Amino acid sequence: MTGLPVEDRALAAFLGLAIGDALGATVEFMTRREIAAEHGVLRDIVGGGWLHLKAGAVTDDTAMAIALGNSLVRRNGLDLTDLCEEFATWLRSGPLDVGNTCRRGIRRYIQRGLVTGQVNEGDAGNGAAMRFLPVAIANHRNAERARHWAVEQAHTTHNHPLSDAACETLAAMVVALLAGDGKAVAMELAEQLVGRYPTFRFVPYSGMSSAYVVDTLQTAFDGYFSTASFEDCLIRVVNQGGDADTAGAIAGALAGATYGLNAIPKRWLKALDRETVATIRALVPRLLVISDH
Ligand SMILES: [Mg+2]
């Protein structure tokens, strides 16, 4: 784990996000009891779920993270209008699944040209946090800018202090992890979040894994901090059910950045949709060089 190059950690983080999404999508919206009855413990990427996915297919979490990454690469940085165009193109392509708050934000851009919304009580969902990863990779040598861009990109669809705090924290955690700072530093950053907003306290784990950004981060943090491998982390997270694909995506990004490519089970990498793997492999090196400018 120590001494891995940043290229390895960044690629593992992005593939980890997609794997968490593909694994968790099978049990999205299910309860722990329903998962146990149907799968025992879900350990493999098998598809299905409410979206009737092919095994290895990813959902909106990965698609929006890739869209954000594409825009960052094209503009060599964060350009909110270009990002909204990228999201609009994605929405028009008719994706299987789009969160309500994301849809509303993208429509606001399409209909009125607005790239951000006002602060909104209803915007504390996890839809901005689920796609945070590319800003961390693009700013792997600049934690301040990573925090700033994480919030700016969030406001295209979600404008709420808890969503903002989640996005900033996740970006700062991944910047630290990409530098090889390890889980202790990630824990300090998670504790700073809890210090600012005690509602995020994740020990003891509440057992709630909804699309509320607080529940999602608690589920991802519980899985990440209470296990010692990529595989154990993701299995623990997705078997909580609820918004399992998003909690899985976030936990997968953290675990990938921590443990690196060799720690990702080969059966999961093999199962992941080929086109998604190729897209991520092409995107990550281009994101890493943005940090140099
Ligand atoms: Mg999803």
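All values reported here derive from a predicted model rather than from experimental measurement. Note that ligands are numbered from 1 as they come in the structure, with each ligand's atoms numbered from 1 the same way. Residue indices begin at 1 and follow the sequence shown.
In this structure, the ring of F202 has its center less than 6.0 angstrom from the ring center of F225.
Remark: side-chain polar atoms of S163 are not paired, donor with acceptor, to backbone N or O of N159 under 3.5 angstrom.
The Mg ion (ligand 1) has an N, O or S atom of T59 inside 2.8 Å of it.
Of all N, O or S atoms in D245, the one lying closest to the Mg ion (ligand 1) is OD2.
How far CG of N139 is from CD1 of I290: 8.0 Å, rounded to the nearest 0.5 Å.
With I19 as the fixed residue, the side-chain contact (heavy atoms from CB on, under 4.5 Å) test singles out one of V58, L272, T276: L272.
Around the Mg ion (ligand 1), the two atoms OD1 of D61 and OD1 of D60 are separated by an angle of 80°, to 10 degrees.
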